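Beneath this line is the structure, given in structure tokens, with notes to follow.
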Amino acid sequence: MANFNLSINGTNHQVDVDPDTPILWVLRDEVDLVGTKYGCGISQCGACTIHLDGQAARSCSVPVSSIGSQKITTIEGFSETKAAKPLLDAWRKHDVPQCGYCQAGQIMNAATLLKNNANPSDEDIDAKMNGNLCRCGTYIRVKAAIKTAATNS
Amino acid sequence: MTLIRTQYNRRSFLKTSAAAGGGMVLGFSWFAGCQPVSDKITSIPKEWFDINAFLRVADNGLVTIMSPNPEIGQNIKTSMPMIVAEELDVAWKNVIVEQAPLNSDVFTRQVAGGSQSIRQGWQSLRMAGATARRMLVNAAAQQWEVDPSECSVSKGVISNAKGETISFGEIASAAAQLEIPAEVPLKDVKDFKIIGHDTKNVDLENIISGKPLFGLDLKKEGMQYAVVLRPPSFGQKLKSFDDAAARSVNGVNDVIQFGDKVAVLASSTWAAMKGQKALTAEWEQDGRSEDTTYHNEEMLRLLDTPAEEPMREDGNVKKAIAEADQIIERTYQAPFLPHNCLEPMNFYANVTDEKVELIGPIQTPEWTRQRVADLLEREQSEVTIDMTRMGGGFGRRLYGDFALEAAEISSLSKSPVHVVFSREDDMTAGTYRPASKYKFRAAIKDGKMTGYHLTGTGVNMRNSTREKNFPAAAIENYLVESHNLESNITTGAWRAPITNFLAYAEQAFFDEVAQTIDVDAVQFRLDLFAQAKNNPVGELDYDVDKFVGVIKLAAEKAGWGNAKEGSHLGFSAYYSHNTYVAEVAEAVLENGLPKIKKVTCAIDCGIVVNPIAATNQVEGGIIDGIGHAMYGDFVFENGRAKQHNFDKYRMIRIGEVPVIDIHFVKSENDPTGLGEPTLPPAGGAIANAIHAATGERLYSQPFTKATEILG
């Protein structure tokens, strides 16, 4: 076990965990931020997507020891920011979720897509969102919501 | 207006005016999710009044409606309360929805399965709303000393002929003391104000802000995480295990054997997962060790064996085949499929001397309660089950094996535990869609199909067919047979059981028969329906007019018969879960390879309760159908699943999804199923479109294995 100082959603947290613990489980089990989801543990489904210094990362595959001073943002923190509003409003407009389990990961990944590309084409969306599985098949709405958010940003 | 007799169990009414959990209902999440709306009630109520088991009204007019059935993403947590609210006549924005716990005394069929929640809940939900409305009106009428017939209701406010008004909140206390009326009126469909209008998912705000909703998000005081090591192969049992390394993992508290399984209990999920991996176990053979190759050989043998008893037999197929000008015979095969709910299986249990508390994602709470009570030798009355939102179900959560594990581990460890499956556990300890095969034979005489013979077989499928379905009743000589291949691999219901593959096989076969006799694929079906309508052979178990209705609608909307240059259409239609669906897929060739660009879908599911959610279900069903037909590949070697995670098991992704164009038949009939029925026709529609584009037929799923066709 070792102590780590983490900046999560703008707040500092100290955790005492094994260094190999993926940040996903630190967030969920130690910090009680369960919005970040476990789906596969091997970076294949995107349900665990968070932001590290503003870039999308698969938290299931990032050990806590490698975080260092990078700022962590989870869906709980991101959804309260001004930057999130166009995206969340688009998710509301298209009533995107079915079961809802993958949606936080979809939103977190979409946020970095729009940050780097204000007006993504279908191909841009397909390429960037390819890593986010939705077992219920809400893909059409995910794409529509990203386009709406791009228009309203 | 329809009058309906109320059928309530007296026990279902708690006639207390106590604040039944008022504080609990109004969690921060509800108000946090509110957008300010001028006439929305935002004050905090002082008192709640239970009007009946489905709803309670607060002194300020807020209404809490219980959603009785488990929510797996089919959106019934929104649409079931909509039905209650409609008959109650309350403004939707003043409704709070709460997931009901398992309570079989007051709610009927608290199951998510078979696309039946809305269909079977329809009357009781309407009755709950209408009864409450009637009691509120009666109470207001008593206060005003007028006849209830002189009162009207709009959006939670009762008015009388003199123009006086009283809100539900003001009269709730009096209404809660009244007798339940023996008979209540239901609204006419044309008067619906909530049903038929887009209503957003009640959990939307919590989903998009990452609030705890799902089973895996649950935490309780003193809870340990449990990750279980199960036999790696079907047909094996535990011989011995060494837990020294597992016990030395930081955070691991205990290791417990139960049956042929070993549970690692830890204070974090990660520690429990690491502990499970650190266990070393020896397994021994306890039954047959089966391969996919073995299943395939056995199923092919069974397809050539006459069944002792046919599932259905009309006329004389043998004779029709003997007299045929031509016989078309084709065999179709499907692999096992895991469900792969994105939220892996998990459940919380706290077993004490006093009670057995279970919480988690489950499609069948009542059955699970009974099985847990049997397992622990406790009374069912000692067992409670609360349902969380589910990160998908697809049939996997019908089987409470994970809840039973949690109960057993909690009982043995005498502590609250949360059993968590890793993705690998979830994919390898499944209740799979059974592998199956179907052989069709059509007898062709004078350019017509005169005989139809289907033989089906599947792993642990007592009946692999739907013998009453079309084309039953449409063909003079009709024979359906089924064989079961018994196996120790656990199989079970998977979204649209049986038909998820059978429909593809049948619809692809129809396409080939129509082509052989040189009849348009849609006309081929319409000719058969004409026979079923005018002169049905044997029992007719479907509605010909509704079936023909969706076929014509889909054909018209897709431009069937007028496909533009380079666009290749494939047709499919299927009836399941009381709903009629027709789909037309459009394929184009890109670099010589077929690509599905669009699916046009026509559906008759009666009244559409919530259109924005209904279209979501339709899109999901079609995408699920396409995804698994194209990519779903799951193989067993020596009783062991070969695919363990999404790196080896391919699922459909965002760039592989076509445009979907949806058309509901306008209807005033009671609603039927929607979670499943759009899946079965999808595979056939795309297979037929791929044939139209390439001239090649697909007989085996997943289609991606046919690289000579798909590249």
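If you're wondering where the values come from, they're calculated on a predicted model, not measured in any experiment. Keep in mind that the numbers below use all heavy atoms, side chains included, and drop hydrogens, waters and symmetry copies. Within every chain, numbering begins at 1; the chains are lettered A, B, ... in the order of the sequence lines, protein sequences first and strands thereafter.
For the pair B/Tyr225 and A/Asp29, the minimum side-chain heavy-atom distance is below 4.5 Å. Within the 4.5 Å cutoff, no side-chain heavy atoms of B/Glu619 are placed close to those of A/Thr138. No side-chain heavy atom of A/Phe78 sits under 4.5 Å from any side-chain heavy atom of B/Ser209. Taking the side chain as every heavy atom from C-beta outward, A/Glu30 and B/Ser268 approach each other to under 4.5 Å. With a 4.5 Å cut-off on side-chain heavy atoms, B/Ile623 and A/Tyr139 count as touching. Looking at A/Gln98 and B/Gln617, their side chains come closer than 4.5 Å, going by heavy atoms from C-beta outward. Between A/Pro97 and B/Leu204, some side-chain heavy-atom pair lies under the 4.5 Å cut-off. Side-chain atoms of B/Ile208 and A/Val96, non-hydrogen and from C-beta on, never get closer than 4.5 Å to each other.
Near-neighbour residues of residues 64-76 of chain A relative to chain B, defined by a heavy atom under 4.5 Å from a heavy atom of that chain, comprise A/Ile75, A/Glu76. Along residues 100-125 of chain A, the residues that come nearer than 4.5 angstrom to chain B, judged on non-hydrogen atoms, are A/Gly100, A/Tyr101, A/Cys102, A/Gln103, A/Ile107, A/Ile125 in order of number. At a heavy-atom cut-off of under 4.5 Å, chain B is reached by A/Gln44, A/Cys45, A/Ala47 from residues 43-53 of chain A, listed in order of number.
With a 4.5 Å cut-off on non-hydrogen atoms, B/Lys274 touches chain A through its side chain but not through its backbone. Only the side chain of B/Asp624 comes within contact range of chain A, judged by heavy atoms closer than 4.5 Å. Of the atoms belonging to B/Lys219, it is side-chain heavy atoms, and not backbone ones, that fall under 4.5 Å from chain A. Heavy atoms of A/Val26 lying under 4.5 Å from chain B are absent altogether. Contacts of B/Ser267 with chain A are absent, with no heavy-atom separation under 4.5 Å from either backbone or side chain. For B/His628, the part lying near chain A is the side chain, with the backbone staying farther off; criterion is any non-hydrogen pair under 4.5 Å. Of the two parts of B/Glu656, neither the backbone nor the side chain holds a non-hydrogen atom closer than 4.5 Å to a non-hydrogen atom of chain A. In this structure, the portion of B/Met390 lying under 4.5 Å from any heavy atom of chain A is its backbone and not its side chain. Heavy atoms closer than 4.5 Å to chain B are found nowhere in A/Lys128, neither backbone nor side chain. With a 4.5 angstrom heavy-atom cutoff, B/Met273 touches chain A only via side-chain atoms. Heavy-atom distances place both the backbone and the side chain of B/Thr615 under 4.5 Å from chain A. For B/Ile660, the parts lying under 4.5 angstrom from a heavy atom of chain A are both the backbone and the side chain. Residue B/Ile652 touches chain A through both its backbone and its side chain, counting heavy-atom pairs closer than 4.5 Å. Residue B/Tyr649 does not touch chain A at all, counting heavy-atom pairs closer than 4.5 Å.
Of all the heavy atoms in B/Ile654 and A/Asn130, the pair that sits closest is CG2-N, 4.0 Å.
Chosen from A/Asp32, A/Leu88, A/Asp20, the residue pairing most often with chain B at heavy-atom distances under 4.5 Å is A/Asp20. Across A/Gly131, A/Pro22, A/Ala127, A/Gly77, the residue that shares the most heavy-atom pairs under 4.5 angstrom with chain B is A/Pro22. For chain B, the option among A/Gly35, A/Gly39, A/Ala84, A/Gly41 with the highest count of heavy-atom pairs below 4.5 Å is A/Gly39. Of all the listed residues (A/Lys37, A/Met129, A/Arg141, A/Arg28), the one sharing the greatest number of non-hydrogen pairs under 4.5 Å with chain B is A/Arg141.
From A/Cys134, atom SG reaches atom CG of B/Leu342 across 8.0 Å, with rounding to the nearest 0.5 Å. Distance check, rounded to the nearest 0.5 Å: OG of A/Ser79 to CD of B/Glu205 gives 9.5 Å. Summarising the geometry, atom CZ belonging to B/Phe214 is positioned 5.5 Å from atom SG belonging to A/Cys99; distances are rounded to the nearest 0.5 Å.
In the model, B/Asn250 has a side-chain atom that pairs as donor or acceptor with a side-chain atom of A/Asp18 under 3.5 Å.
The ring-ring contact (aromatic ring centres under 6.0 Å, His included) search around A/Tyr38 returns A/Trp25, not counting sequence neighbours.
Residues A/Arg135 and B/Glu343 are not paired through a salt bridge, judged by the lack of any N-O separation under 4.0 Å between the basic side chain and the carboxylate.
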